[in-house]
Protein chains: 4
Amino acid sequence: MLDLTNPPPKRRMTRSKGALQQALLTLLQTTALEKLTAKDIAEAAGVGYATFFRHYPDKDALLQDLAKGEISKLLTMTLPLLYTVEPRPSTQALCAYVWSNRAVWSALLTGGAAGVLKEEFIRQAQELSAVHPEKKRDLPDSLTVAFSVAAAIEIISWWLREPNPRPVDEMAGYMERLVVRPTMGEGSCPSK
Amino acid sequence: MLDLTNPPPKRRMTRSKGALQQALLTLLQTTALEKLTAKDIAEAAGVGYATFFRHYPDKDALLQDLAKGEISKLLTMTLPLLYTVEPRPSTQALCAYVWSNRAVWSALLTGGAAGVLKEEFIRQAQELSAVHPEKKRDLPDSLTVAFSVAAAIEIISWWLREPNPRPVDEMAGYMERLVVRPTMGEGSCPSK
Amino acid sequence: MLDLTNPPPKRRMTRSKGALQQALLTLLQTTALEKLTAKDIAEAAGVGYATFFRHYPDKDALLQDLAKGEISKLLTMTLPLLYTVEPRPSTQALCAYVWSNRAVWSALLTGGAAGVLKEEFIRQAQELSAVHPEKKRDLPDSLTVAFSVAAAIEIISWWLREPNPRPVDEMAGYMERLVVRPTMGEGSCPSK
Amino acid sequence: MLDLTNPPPKRRMTRSKGALQQALLTLLQTTALEKLTAKDIAEAAGVGYATFFRHYPDKDALLQDLAKGEISKLLTMTLPLLYTVEPRPSTQALCAYVWSNRAVWSALLTGGAAGVLKEEFIRQAQELSAVHPEKKRDLPDSLTVAFSVAAAIEIISWWLREPNPRPVDEMAGYMERLVVRPTMGEGSCPSK
DNA sequence: CTCTAATCGAGACGGTACGTCGCGTCTTACG
DNA sequence: CGTAAGACGCGACGTACCGTCTCGATTAGAG
């Protein structure tokens, strides 16, 4: 029942937190978030039921904590795109990154997790956009953020859901066309 | 407890179903979906608790049924946009319609309802797009539908969330720019 | 609501009542009373659900009505035994009668039906004993009745439950020894 | 809501189980078993509704558990009577015991509880009779047990139901005459 | 041979209790 | 100490039956 061999105990609390995150991630690959119970996660993490609540007030808090890191990495690649005149390489990099971590992102974007994720995503994006030098822009900032995040998530979600996923290049093209270009200044598309 | 005066009792089953839908709609204007219990809805509808489940297996089924009608109306205005060369008037009409029913759509798009709504939305959109004459298009159809619906919902959702909502014209502009134009053929934006 | 005037026409109502009784009896041979629902009985009787309640306020009322007849027949054979100096032939007759109707009595005495049955039994027995010329007796009358009925029911119940039921003669012997003789005057057993 | 003062918490699980039994016993003195709901009992025990089912699968299981102890005590006094040549003192002791615990036994024998009780009674009696040295006997063992238990319960039940209960001595006489003597070997009553 | 009212089937309904489940808090025992 | 184990209060869930009710269709017996 217990782990009788732990030689270097490594601050149990830290171990528990990591185990819970890892367990949630694993479980999410097979089960929707709303089907998971705190007990499920605790057991999968090899952690006592009550211990779960010592670290997180509830399931969503764990998910949010889990997502924070990945979102953070991704956002530092996503947001700059919106302020760049030459976004191709960045978009490409974003998609490549998602692809290389597709196990994680599949888990995060399917099931009921997407809702929590989007909110955290927007929260972080808004923080970032607040400190950015505000480029002259013809869209309300909060709309730009909400739209970009929702659209990007939807596109990636669609991508990872597909039975035969498209190559990274193609997705980068869609992303640029559907998210980046439309939110850039009008000048970027001198259609008339 | 007895009401001996109700003039046209109107086939009970029909009355109950309608009452539940109306009650849910009303409650959604003040409370998030996940905070509502079947008991709440039944009581608000003046209907017995068990009667709720005689009509719907759960909350989401009620919401879906409720949404079906409104989505249907909206979709007959939304989808044509994607296949039209001159989408301005349609986009305008769409936004105007949402605005005139903003009480309903606020309720449907805030709280946890948006998830269920989006799924039903996509389901109907995909059905429609299946019967449409498939214009030559350079985006995967299912991506087009998923993106359009998610983006449109996000934009409208943002609109109705705002403390001082923008005028219909402005929103129609955003919608066209962020949803319609990007999903139309490349020729629409001969940027290069 | 009540029809106090229908003179003889045997009205459908009579048919329904009989069907319900017959259906209950049939069902009781395979299912315990408490497992049966009003719906079950109504369906087995080929009668509408609401029609059940037009005839009986609840399950027990139906059972009681059903039992009344059989109990009445049996009681006219049971009670006299207690006042007779030579009870052998009567006891024999009682057991023979039960045996020839063992399908009915099995149904009535197994499952939860026995409780209702015993009460009705005692009720009728007490009525009868009230009109009888009260023999001098050294047991309280109500105890005699309660004991006799309960004991007789238990013995018959045991009999019909057995995989290989004893012959009628043997049971008549038990019945006389355990029920009849002990409740007769002390003189019957001048043991000391 | 919080009780920070409970002095000797005494192993919760044990406390809950005992509280439920005590509550059922109390409620049975005023209400028939079938009128009691799990909620009633839980509330009377000061215990959560769901906690009821953590200890017992249903009402009857609780009753059975509750009865087991008392029945056990009683049976060790009841069964020996059937194998003794001089049963008077034992019968007397049995009735005296019931009388001194008449509150408990009234509760257990009135209402719908008697059925469950009798079954448990018979179950225990059969176990005991199985280990006993089998005296030569001219009645089937299972019949003896069923009859004795049913008869004894009926007699005691009648006793405790009476407005002016008979004295213990008198009841012991009835019990001996109606239950003990008839089930003993024929030799005990050399009627011929 | 209609016409009218009793009776029926069908089954929706308000209600009550069920037994299950999950949450988040708590207590206890152990290492 | 801190943690594993899990009992507990709470409250929603979805189910099952109850007994009442409304609704048409059927039908019997009075005109």
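Chain naming here is simple, since letters A, B, ... match the order of the sequence lines and numbering starts at 1 in each.
- Nearest-nucleotide assignment on DNA chain E puts the 5′-proximal partner with T51(B), out of T51(B) and K59(D).
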_Apply salt bridge (charged side-chain N to carboxylate O under 4.0 Å, His left out) to residues R123(D) and E119(D) and explain how you reach the verdict._
CA-CA 6 Å; R123(D) 209 185 53 70; E119(D) 272 172 42; over 6 Å; no
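- When all heavy atoms of A42(D) and G48(D) are compared, the pair lying nearest together is CB-O, 3.8 Å.
- When atom types are taken as modelled, the side chain of S106(A) and the backbone of A103(A) share no donor-acceptor pair closer than 3.5 angstrom.
- Atoms CG (D58(D)) and C1' (dT20(E)) sit 14 Å apart, rounded to a whole Å.
- Between H55(B) and dC13(E), a side-chain N or O to OP1/OP2 separation shorter than 4.0 Å is present.
- Atom OH in Y56(A) sits about 20 Å away from atom C1' in dG22(E), given to the nearest Å.
- Among the atoms of the strands shown, only primed sugar atoms or phosphate atoms (P, OP1, OP2) are found under 4.0 Å from some heavy atom of G46(C).
- Summarising the geometry, the separation between CG on D40(D) and C1' on dT16(E) is reported as 11 Å, rounded to the nearest angstrom.
- At whole-Å resolution of the value, CD1 in I41(C) and P in dC17(F) are 12 Å apart.
- A38(B) comes within 4.0 angstrom of the backbone, heavy atoms only, and of no base.
- Whole-Å rounding puts the E34(C) CD to dA16(F) P distance at 18 Å.
- Across the interface with DNA chain E, nearest-nucleotide mapping of K39(D) and A50(D) shows K39(D) to be the residue nearer the 5′ end.
- Residue order along DNA chain F, read from the 5' end via each residue's closest nucleotide, puts Y49(D) first among Y49(D) and F53(C).
- Toward the 5' end of DNA chain F, the nearer of the two residues G48(D) and L36(C), judged by each one's closest nucleotide, is G48(D).
- Note on F52(A): nothing from the nucleic acid sits closer than 4.0 angstrom, heavy atoms only.
- Residue-to-nucleotide contacts include a donor-acceptor pair under 3.5 Å from the side chain of R54(B) to the base of dG14(E).
- Distance from the side chain of T37(B) is smallest to dC13(F) among dC13(E), dC13(F), dG14(E).
- The interatomic distance linking E43(A) (CD) with dG22(E) (P) rounds to 11 Å, in whole Å.
- For the pair L33(C)/D60(C), a side-chain contact is recorded, criterion being any heavy-atom separation below 4.5 Å from C-beta on.
- At least one test fails for K59(B) against the ring of F52(B): distance under 6.0 Å to the centre or angle within 45° of the axis.
- Look at CG on D60(A): it is 14 Å from C1' on dG22(E), rounded to the nearest Å.
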